[in-house]
Amino acid sequence: MHGQRLTFRIHQYMEYNFRAIEQKWQQRWKETHAYRVSNNSSKPKCYVLDMFPYPSGAGLHVGHPLGYIASDIYARYKRLKGFNVLHPMGYDAFGLPAEQYALETGQHPAVTTENNINSFRDQLDNIGFCYDWEREIRTSDPAYYKWTQWLFLQLFDSWFNRKLSKAQRITDLVNIFETEGNANHECPGDRNIRFSAEGWKGFSEQDQREILMHYRIAFLAYAEVNWCAELGTVLANDEVVNGVSERGGFPVVKKKMRQWFLRITEYADRLLEGLEQVSFSEAMKDMQRNWIGKSQGAEISFEIEGVQGEKLVCYTTRPDTIFGVDFLVLAPEHELVDLITTHEQRQAIDDYKQYVQSRSERERMAEVKQVTGAFTGAYALNPFNGRQIPVWISEYVLAGYGTGAIMAVPCGDQRDFNFAKHFDIHITNIVGDAYNGEEANPTKEGKLVNSDFITGMDMKPAMELVISELEKRGNGKRQINFKMRDAGFSRQRYWGEPFPIIYKNGIPYAVDETTLPVELPHVENYKPGAEGEGPLANVREWVELGDGTIRETNTMPGYAGSSWYFLRFMDPKNDQVFADRNVMDYWNQVDLYIGGTEHAVGHLLYSRLWTKVLFDLGFLSFDEPYKKLVNQGMITGSSRIVYRVRGTHQFVSAGLKDKYETDELHVDVNIVDGVELDTEAFKHWRSDYTNAEFILENGKYICGTLSEKMSKRYFNAVNPNTLVEKYGADTFRMYEMFLGPVEQSKPWETKGIEGVHRFLKKLWRLFADEQKGLVVTNDAPTADELKTLHKTIRKIEEDTERLSYNTAVSAFMVCVNELSDLKCHKKAVLEQVLVLLTPYAPHVAEELWQLMGNSGSILDAAYPVFEQQYVTESAKEYPVSVNGKLRTTIVINLDVEADEAGKIALANEVVQKWLEGKEPKKIIFVKGKMINIVI
RNA sequence: GCGGGUGUGGUGAAAUUGGUAGACACGCCAGACUUAGGAUCUGGUGCCUUACAGCUUGUAGGUUCGAGUCCUAUCACCCGCACCA
């Protein structure tokens with residue numbers, strides 16, 4: 001009995017008992033604060049950051065940790081390389097889903113958010129990340145959003161000085177106004193506002209503050225939202241489908257509301273220039289550039305026949321096509337539509353506007369097959385020759401871009417062409433032979449015809465000439481435009497940061513900084529206000545401060561807290577400032593930022609904006625937040641489908657389904673092994689399947705597969721906990737990396753995880769034998785062993801550095817396969833391999849490190865140094881091609897030059913056969929690569 | 001519509017600079033060990049072929065001694081588009 005227990009113990013000890021090992025080391029690292037990071041260090045710094053998650057109720061699925069594992073490996077690797085590494089984690093905890101959940105269940109968002117965070121944390125801890133949890137932040141924590149509010153006030157108290165291309169304080173602007181008016185600083189919010197110093201001083205406080213509002217970086221303006229009266233709430237574009245609400249199918253209309261904005265358009269050029277300094281993928285940079293959408297062109301004013309005092313201003317990138325303008329198109333929302341519409345056309349225009357009200361912007365842009373529009377009855381006049389041009393409205397022109405009006409040149413623009421054909425509008429050809437009458441030709445190369453004073457000119461110089469003529473005549477000017485719009489910053493929601501703003505007589509003022517944070521009041525009811533204001537409007541005792549002063553009732557959007565969180569991680573507990581200046585100077589930019597492409601244009605642009613403003617105001621010493629960005633690909637789910645014979649509870653296997661009429665149903669991937677359904681588990685999965693019967697093929701029920709987004713509703717989400725439980729965190733980490741390149745999207749497939757698990761077990765056996773215990777020796781390594789080791793060092797270091805983790809995992813496998821073949825159990829080799837492995841599989845590395853009797857944690861071991869001498873080869877097996885086709889290989893010494901190599905190749909039997917006695921025309925020899933013989 | 005990405009064996013993929021396509025795994029096939037195997041080990045495995053040969057990186061062209069890689073055209077799929085985060 002006693003003896004039996006002893007063997008059992010040894011047995012337990014020496015097999016790869018991953019769960020025990022992992023739990024032991026996770027506990028140990030926690031106790032020893034192994035991941036605590038100091039802001040004071042003589043080591044070089046490295047800041048490795050993940051895009052922090054929104055803690056959704058669904059929990060983590062295997063797609064989430066992909067990026068986290070990638071950054072964790074990099075952080076651990078840098079630490080081994082001697083860096084002081086900041087690698088924090090937190091939660092982007094404000095957001096709509098928690099609020100919607102609250103509306104449905106009455107549970108307070110603060111409660112559900114807390115619960116979700118706790119389960120996220122459990123899942124994260126399971127995987128063994130090296131986060132410094134003492135730095136955890138939550139955007140919904142008052143101690144955090146106090147500073148979000150404070151930073152908002154900095155944006156509110158700033159304007160963008162176009163002369164200096166930087167943000168300055170509002171007091172500087174007021175000083176300018178008092179001495180010189182706004183003659184040198186055109187008003188970005190309203191170009192028509194002009195005043196002198198005297199004029200400024202004559203304005204009332206209300207007028208002055210209204211003007212300043214047009215300059216502020218955080219400003220109030222009117223903008224349309226998707227208003228759904230039946231739901232009594234404002235909807236996201238996502239929630240509107242075909243003009244009705246996704247939930248309930250109620251009508252949705254545009255409603256104007258006064259809302260906060262960030263004047264990101266003023267930073268458009270800086271945001272473009274900044275891309276030159278950062279290491280993002282070209283694709284990412286292109287996405288941002290296209291989003292910003294800088295274009296050069298002109299604004300052209302058209303007189304309207306019979307209308308005095310108003311002109312139609314169009315923006316065009318092709319002023320040279322002015323004589324090809326056959327009609328103008330206004331956005332249906334354009335402010336002059338009502339004024340210019342004739343009596344006869346009134347009904348048609350009103351009907352059309354009614355139709356457009358129900359259309360989403362996406363639909364308006366995407367719908368090209370169906371041309372819609374209405375004629376206003378008005379005519380504009382060509383500014384050069386006075387030609388009459390009919391004025392139409394159409395949904396394809398958007399109010400928000402340019403001036404909301406375009407000049408249509410059907411011979412040169414396909415959408416204009418389609419419009420002209422559909423409504424039978426005359427098409428003027430100004431490009432000559434380049435236009436075939438069948439489709440538009442948007443060429444910028446060629447000579448203009450039918451074009452008055454620019455006839456015969458090349459298009460590019462014509463653009464310049466037209467602009468200067470327009471400027472001379474005062475009915476146009478050169479204009480640079482951006483597709484990007486100012487960022488809407490108000491949400492009519494509860495679960496977000498309250499604005500630190502109060503209104504006195506309708507004029508907004510910053511609250512006193514010392515009273516921050518403006519805490520989100522507790523509410524029992526999350527329903528919106530009567531007019532669509534946020535739920536806070538219902539909390540009268542919070543809103544009304546007495547003497548007519550009231551609080552802003554909107555809250556900030558999701559991206560408010562995430563725009564600056566990377567700074568707070570540096571100094572998360574500071575209650576004096578948002579982060580200490582010296583600490584920010586030390587940690588500086590994020591060296592590696594990992595997250596999904598879905599944030600390409602939202603979060604990334606906003607946080608770049610905030611960083612630039614803070615830099616301009618002197619709070620930071622850098623104006624780009626992220627030095628290097630890597631986008632992890634999305635892991636799609638691999639759904640499993642069962643086929644139910646219609647009207648029965650018989651389920652037919654995939655191979656036989658064509659013989660029946662079936663309905664396809666998703667089945668939980670967790671009860672399917674590969675594609676084979678566990679039929680017993682299926683019967684217990686849901687009560688309505690208890691009586692299921694199966695039509696099998698070869699005794700098995702085979703499921704269909706479908707690749708789609710990982711989601712609860714498709715039952716294709718795989719919980720990392722299940723896999724960690726079964727194979728261990730180290731296997732899970734390595735398998736996620738082994739799936740493919742970090743940046744590539746790929747479907748999840750659990751099957752392959754066995755291979756990685758086998759690898760770790762094989763590694764374990766290099767160190768320990770289940771029966772004999774530790775088998776590591778102190779013998780001196782052989783040349784072959786050293787070659788394997790150093791090849792691996794070189795490969796792992798290179799691959800880790802460039803985040804090519806899938807090939808690194810494969811290199812570990814090759815290494816362990818080779819060492820196993822060599823029966824290498826030598827400490828000198830194995831412990832170096834362990835250090836290499838630490839970033840990937842920290843638990844097993846630490847366990848074996850300790851078992852070999854090392855003192856101190858492997859987390860801080862010395863990283864192996866590659867030595868060329870162990871891997872240098874003297875010969876190579878050259879591939880030999882004849883006419884580019886590989887025919888044989890020959891081993892030749894590496895110091896052999898072209899002439900000699902050619903001779904050796906020609907003497908080869910196989911080569912001789914393929915030469916068929918002919919003389920070679922040419923022999924191509926690339927040293928160390930290949931030989932090609934051309935005949 | 002605009003913008004971005006991806007197409008290589010049965011599957012995930014590799015090939016970092018134009019130089020032996022398919023490394024490393026999964027799966028499958030055969031075998032060893034075993035009371036047993038969802039353990040371990042050995043061998044095989046792109047397609048077509050008995051073999052030699054031939055074919056093969058979405059499709060069609062092109063450049064080159066040589067193309068998965070460069071160029072042109074084209075098809076298919078995935079993602080984003082401003083209030084989801």
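Below, chains carry the letters A, B, ... as their sequence lines are ordered, and counting in each starts from 1.
Of the candidates B:C26, B:C55, B:C79, the closest approach to any side-chain atom of A:Lys751 belongs to B:C26. Of the candidates B:C81, B:U40, B:A14, the closest approach to any side-chain atom of A:Pro741 belongs to B:A14. Out of B:U20, B:C83, B:A13, the shortest distance to the side chain of A:Arg493 is found at B:C83. Checking B:C83, B:A13, B:A85 against every side-chain atom of A:His599, the shortest atom distance belongs to B:A85. Closest to the side chain of A:Leu739, out of B:A85, B:G12, B:C81, is B:G12. The side chain of A:Trp914 approaches B:A53 more closely than any other nucleotide in the set B:A14, B:G38, B:A53. Ranking B:G19, B:G12, B:C83 by closeness to the A:Lys929 side chain, first place goes to B:G19. Comparing atom distances between the A:Ala283 side chain and each of B:G12, B:A53, B:G4 picks out B:G4 as nearest. Across B:C24, B:U16, B:C2, the shortest atom-to-atom separation from the side chain of A:Glu798 is found for B:U16. Nearest to the side-chain atoms of A:Asp92 among the listed nucleotides B:U20, B:A85, B:A39 stands B:A85.
We find that A:Glu818 and A:Lys791 are joined by a salt bridge, their nearest charged nitrogen and carboxylate oxygen being less than 4.0 Å apart. For A:Glu282 and A:Arg289, the salt-bridge test passes: some basic side-chain N is under 4.0 Å from an acidic carboxylate O.
Rounded to an integer number of Å, the gap from A:Asp821 CG to B:U42 C1' is 11 Å. Rounding to whole angstrom units, CH2 of residue A:Trp748 and C1' of B:G12 are separated by 11 Å. The interatomic distance linking A:Lys762 (NZ) with B:C26 (P) rounds to 10 Å, in whole Å. Rounded to whole Å, the distance from OH on A:Tyr54 to P on B:C83 is 17 Å. When the P atom of B:C65 is taken as reference, atom CG of A:Leu906 falls 19 Å away, rounded to whole Å. Computed from coordinates, the A:Leu262 CG to B:A82 P distance equals 17 Å when rounded to whole Å. Following rounding to the nearest Å, A:Asn932 (CG) and B:G19 (P) show an atom-to-atom distance of 13 Å. Rounding to whole angstrom units, CD of residue A:Glu797 and C1' of B:U16 are separated by 15 Å.
Residue A:Arg491 places none of its side-chain N or O atoms closer than 4.0 Å to OP1 or OP2 of B:C84. Between A:Lys922 and B:U64 there is no side-chain polar atom (N or O) within less than 4.0 angstrom of OP1 or OP2. For B:A13, the OP1/OP2 oxygens have a side-chain nitrogen or oxygen of A:Gln744 closer than 4.0 Å. Contact annotation: A:Arg415 side-chain N/O to B:C2 OP1/OP2 distance is not under 4.0 Å. Listed pair A:Asn817 / B:A25 meets the phosphate criterion, a side-chain N or O lying under 4.0 Å from OP1 or OP2. Under 4.0 angstrom from either OP1 or OP2 of B:U40 there lies at least one side-chain N or O belonging to A:Lys761. Between A:Arg758 and B:G27 there is a side-chain N or O to OP1 or OP2 distance below 4.0 Å. Regarding contacts with the backbone of B:A14, a side-chain N or O of A:Asn806 is found under 4.0 angstrom from either OP1 or OP2. OP1 or OP2 of B:G54 sits under 4.0 Å from a side-chain N or O of A:Arg887. Residue A:Arg802 places none of its side-chain N or O atoms closer than 4.0 Å to OP1 or OP2 of B:U16.
Here the separation of B:A14 from B:C24, taken at their P atoms, is 14 Å to the nearest Å. Comparing B:C71 with B:A25, their P atoms are spaced 34 Å from each other, to the whole Å. Rounded to the nearest Å, the gap between the C1' atom of B:G66 and that of B:A85 is 49 Å. Rounded to whole Å, the separation between the C1' atoms of B:A60 and B:C65 comes to 24 Å.
No side-chain donor-acceptor contact under 3.5 Å links A:Tyr606 and A:Ser562. For the residue pair A:Trp495 / A:Thr555, no side-chain donor-acceptor distance below 3.5 Å is found, with atom types taken as modelled. With no hydrogens or angles considered, a side-chain donor-acceptor pair links A:Asp799 and A:Thr807 at under 3.5 Å. A:Asn290 and A:Lys483 form no side-chain donor-acceptor contact under 3.5 Å, judged by distance and modelled atom types alone. For the 3.5 Å distance criterion, the side chains of A:Thr265 and A:Asp486 qualify, holding a donor opposite an acceptor.
Side-chain atoms of A:Glu598 and base atoms of B:C84 include no donor and acceptor less than 3.5 Å apart. Put simply, the side chain of A:Gln100 and the base of B:C84 share no donor and acceptor less than 3.5 Å apart.
With a cut-off of 3.5 Å on both pairing distances, B:C84 has no Watson-Crick or G-U wobble partner at all. Pair check for B:G12 finds B:C24; Watson-Crick or G-U wobble, both atom distances under 3.5 Å. B:C52 is unpaired under the criterion used here, namely a Watson-Crick or G-U wobble arrangement in which both key atom distances are under 3.5 Å. Pairing partner, B:A36: none, since no Watson-Crick or wobble contact has both distances short of 3.5 Å. B:A30 is paired with B:U42 under the Watson-Crick or G-U wobble criterion, all donor-acceptor distances under 3.5 Å. In this entry B:G68 has no Watson-Crick or G-U wobble partner, no candidate having both defining distances under 3.5 Å.
When each of A:Gly558 and A:Ser804 is assigned the nucleotide of RNA chain B with its nearest heavy atom, A:Ser804 is the one assigned upstream, toward the 5' end. Mapped onto RNA chain B by nearest heavy atom, A:Arg765 and A:Asp286 fall at different nucleotides, with A:Asp286 at the one closer to the 5' end.
Residues A:Met51 and A:Asp92 are not in side-chain contact: their nearest non-hydrogen atoms beyond the backbone lie 4.5 Å or more apart. Using a 4.5 Å heavy-atom threshold, the side chains of A:Leu604 and A:Met284 count as touching. Residues A:Asn883 and A:Trp914 are not in side-chain contact: their nearest non-hydrogen atoms beyond the backbone lie 4.5 Å or more apart.
Residue-level contact check: A:Gln414 touches neither bases nor backbone, having no heavy atom under 4.0 Å from any strand. Residue A:Ser490 is classed as a base contact, given a heavy-atom separation below 4.0 Å to a base. If you check every strand for non-hydrogen atoms under 4.0 Å, A:Ile933 touches nothing. A:Thr597 comes within 4.0 angstrom of nothing in the nucleic acid, heavy atoms only.
Anti is the classification of B:G62, since its glycosidic angle lies more than 90° from 0.
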